[in-house]
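Below: one structure, written as structure tokens.
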Amino acid sequence: MDPAVLDQILSGLPTLPDKNLLLSFGNRDDAAVYRLPSGDLLVQTLDFFTPVVDDPYDYGAIAAANSLSDIYAMNGQPLFALNICCFPKTVPWQIWNDVMRGGADKAVEAGINIAGGHTIEDSEPKYGLVVSGIIDENNYWSNEGAKPGDMLILTKPLGTGVLTTALKNEVITPDDASVAIEYMKMLNSTAQQVLNGFEVHACTDITGNGLLGHGSEIAKVSKVKFVIESERVPVFDGAFELAAAGKLPGGSRANRIYLRNYVETKLPENSGALWLLYDAQTSGGLFCALPASQAEEAVRKLQMAGLARSSIIGRVESGNGIEVL
Ligand code: CO
Ligand code: CO
């Protein structure tokens with residue numbers, strides 16, 4: 001939802017002091033982290049959304065890849081998942097079976113089982129997962145830790161927000177969106193495995209708040225400034241034209257309003273490149289800060305592993321805010 005509204009909803013809620021709750025709402029991280037009595041760190045996340053594509057199997061697979069992504073963004077290993085399903089009863093059960101098969105296939109690809117869940121009847125379909133995993137206390141990635149001198153790497157192109165909106169409005173065909181659909185189904189586990197070979201200072205995955213929204217979460221808690229070079233940001237074919245024509249999801253507009261005092265740019269008001277940086281993504285790539293000396297090698301290895309569009313898209317400086325060049 002609109003990040004400004006979310007701030008209000010989350011304000012003033014009661015909490016208990018708990019020294020074992022290592023990460024919760026405060027830093028807007030990808031997942032909560034809790035120290036178990038054994039000493040192991042449990043990482044847990046929940047994500048679900050309404051259909052982004054027509055094909056029920058693809059919808060399930062995308063929703064599951066998106067849910068698992070928050071575990072990978074923290075350098076965690078998923079252990080098991082639970083389904084959360086809101087399904088209209090007017091639609092035949094076979095459709096929902098396809099959705100859940102898409103989700104289950106992704107879970108299997110991630111090496112885990114879906115162990116249960118909860119299902120209700122609802123007028124608008126929604127599907128996603130709760131995912132539980134573990135992280136290594138000495139080697140996990142949060143929003144905090146980006147340092148001046150770091151480079152910023154993005155592992156998947158942007159534009160799923162404008163493309164899925166255009167698909168819903170039948171401005172484009174499923175064929176036009178096929179590359180973006182394949183990317184949305186792609187687990188971020190490969191990116192995580194490659195990046196785990198480098199000194200990642202901070203990491204998140206790009207989802208509903210867009211690159212600049214999730215980027216701002218890192219820049220704020222790391223107390224640094226980001227400089228994004230819009231020309232280096234990978235985008236899906238067709239996304240730029242849709243964004244420049246103002247065919248944007250509501251979430252992208254809300255993201256831009258939320259960040260109006262945080263992002264500085266000389267790009268024109270309705271620049272397609274600028275809108276794509278605010279574009280609300282589904283199952284986007286990992287976005288991380290690591291030392292400049294390691295950045296080119298990291299991108300080369302990501303590309304070799306199949307993430308062909310991985311790119312260095314900017315740098316970290318001292319200061320605050322985000323400057324878009
Ligand atoms: Co996330
Ligand atoms: Co999430």
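I112 has its side chain within reach of L68: a pair of non-hydrogen atoms, C-beta onward, lies under 4.5 Å apart. At a threshold of 4.5 Å between non-hydrogen side-chain atoms, the residues P157 and Y183 count as touching. No side-chain heavy atom of V91 sits less than 4.5 Å from a side-chain heavy atom of P125. Contact annotation: the side chain of Y278 approaches that of L274 to within less than 4.5 Å [non-hydrogen atoms, C-beta and beyond]. In this structure the side chain of V233 reaches within 4.5 angstrom of the side chain of I228, judged on heavy atoms. Using a 4.5 Å heavy-atom threshold, the side chains of L248 and R253 count as touching. For the pair L187 and Y72, the minimum side-chain heavy-atom distance is below 4.5 Å. Here the side chains of P174 and L167 are in contact, with some heavy-atom distance below 4.5 Å.
Taken to the nearest 0.5 Å, the CD atom of E264 stands 13.0 Å off from the CG atom of L259. Atom OG of S142 is separated from atom CE of M74 by 6.0 Å, given to the nearest 0.5 angstrom. Separating the CD atom in E297 from the CG atom in L302 is a distance of 10.5 Å, to the nearest 0.5 Å. Atom CE of residue M186 and atom OG1 of residue T155 lie 9.0 Å apart, to the nearest 0.5 angstrom. Atom CH2 in W93 sits 9.0 Å away from atom CG in D98 (nearest 0.5 Å). In this structure, I84 CD1 and F48 CZ are separated by 4.5 Å, a value rounded to the nearest 0.5 Å.
Below 30°, between 30° and 60°, or above 60°: for Y59 and F49 the angle between ring planes is between 30° and 60°, a tilted geometry.
The two atoms that bring L286 and A191 nearest to each other are CD1-CB, 3.9 Å, heavy atoms only. Across S252 and A280, no two heavy atoms sit closer than the pair OG-N, 3.1 Å. Across all their heavy atoms, S310 and V299 have their closest contact at O-CG1, 3.5 Å. The shortest non-hydrogen separation linking A107 to I114 is CB-CG1, 3.8 Å. When every heavy atom of V227 is checked against every heavy atom of L152, the shortest pair comes out as O-CD1, 4.4 Å. For P88 against S123, the heavy-atom pair with the smallest separation is CG-O, 3.6 Å.
A donor-acceptor contact shorter than 3.5 Å links the side chain of T265 to the backbone of L267. With K19 contributing its side chain and P17 its backbone, the two residues share no donor-acceptor pair below 3.5 Å. The main-chain N or O of A65 is never found under 3.5 Å from a side-chain atom of S69 such that the two would form a donor-acceptor pair. Judged purely by atom type and a 3.5 angstrom limit, K156 uses its side chain to pair as donor or acceptor with the backbone of S283. In terms of modelled atom types and a separation under 3.5 Å, the side chain of K106 and the main chain of I62 share no donor-acceptor contact. Not a single donor-acceptor pair under 3.5 Å links the side chain of D47 to the backbone N or O of G128. Checked by atom type and distance alone, the side chain of H214 never pairs as donor or acceptor with a backbone atom of I206 at under 3.5 Å. Checking side-chain atoms of Q44 against main-chain N and O of V130 turns up no donor-acceptor pair under 3.5 Å. Formation of a donor-acceptor pair under 3.5 Å by the D279 side chain with backbone atoms of V162 is found in this model. A donor-acceptor distance shorter than 3.5 angstrom exists from the side chain of N188 to the backbone of G284, with no hydrogens or angles considered.
Open room surrounds CD on E231; 12 or fewer heavy atoms of other groups in view lie less than 6.0 Å from it. Around atom CG of D237, no more than 12 heavy atoms belonging to other residues, nucleotides or ligands sit under 6.0 Å away. Counting non-hydrogen atoms of neighbouring residues, nucleotides and ligands closer than 6.0 angstrom, the CG atom of N113 reaches no more than 12 such neighbours. Around atom CG of D54, no more than 12 heavy atoms belonging to other residues, nucleotides or ligands sit under 6.0 Å away. Counted within 6.0 Å of NZ on K220, heavy atoms from surrounding residues, nucleotides or ligands total more than 12; the atom is thus considered enclosed.
A side-chain donor-acceptor contact under 3.5 Å links T173 and D176. With 3.5 Å as the limit, one finds no donor-acceptor pair spanning the side chains of N66 and T282. Y258 and D2 form no side-chain donor-acceptor contact under 3.5 Å, judged by distance and modelled atom types alone. With hydrogens and angles left out, the side-chain atoms of T160 and Q281 include a donor and acceptor closer than 3.5 Å.
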Listing, residues 312-325 side-chain donor-acceptor contacts under 3.5 Å, not counting sequence neighbours, or none:
{"unit_1": "R315", "atom_1": "NE", "unit_2": "E317", "atom_2": "OE2", "d": "2.9"}
{"unit_1": "R315", "atom_1": "NH2", "unit_2": "E317", "atom_2": "OE2", "d": "3.3"}
{"unit_1": "E323", "atom_1": "OE1", "unit_2": "K225", "atom_2": "NZ", "d": "3.0"}

Inset, instruction - Carefully, step by step, assess D136 and N75 under the rule side-chain hydrogen bond (donor to acceptor under 3.5 Å, both in side chains). - result: CA-CA 8 Å; D136 176 347; N75 203 18; over 6 Å; no
Inset, instruction - Quick one: do S178 and D175 satisfy side-chain hydrogen bond (donor to acceptor under 3.5 Å, both in side chains)? Show the steps, please. - result: CA-CA 5 Å; S178 61; D175 228 31; 4.9 Å; no
Inset, instruction - Please assess L195 against L290 for the test side-chain contact (heavy atoms from CB on, under 4.5 Å), listing each intermediate value before the final yes or no. - result: CA-CA 9 Å; L195 290 168; L290 47 70; 4.1 Å; yes
Inset, instruction - In sequence, state the C-alpha distance, the side-chain angles, and the governing distance for E109 and D105, and then conclude on side-chain contact (heavy atoms from CB on, under 4.5 Å). - result: CA-CA 6 Å; E109 189 185 330; D105 273 348; over 6 Å; no
Inset, instruction - Step by step, work out the side-chain contact (heavy atoms from CB on, under 4.5 Å) result for Y34 and D18. - result: CA-CA 10 Å; Y34 194 87; D18 185 343; 3.2 Å; yes
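Every salt bridge (Lys or Arg N to Asp or Glu O under 4.0 Å) that E137 has, sequence neighbours left out, goes to R35. Remark: D7 engages R28 in a salt bridge (Lys or Arg N to Asp or Glu O under 4.0 Å) (not counting sequence neighbours).
F198 and Y140 fall within a single hydrophobic cluster, where Ile, Leu, Val, Met, Phe, Trp and Tyr side chains are chained together by heavy-atom contacts under 4.5 Å.
A salt bridge between E296 and R300 is absent, with no side-chain N of the basic residue lying under 4.0 Å from a carboxylate O of the acidic one.
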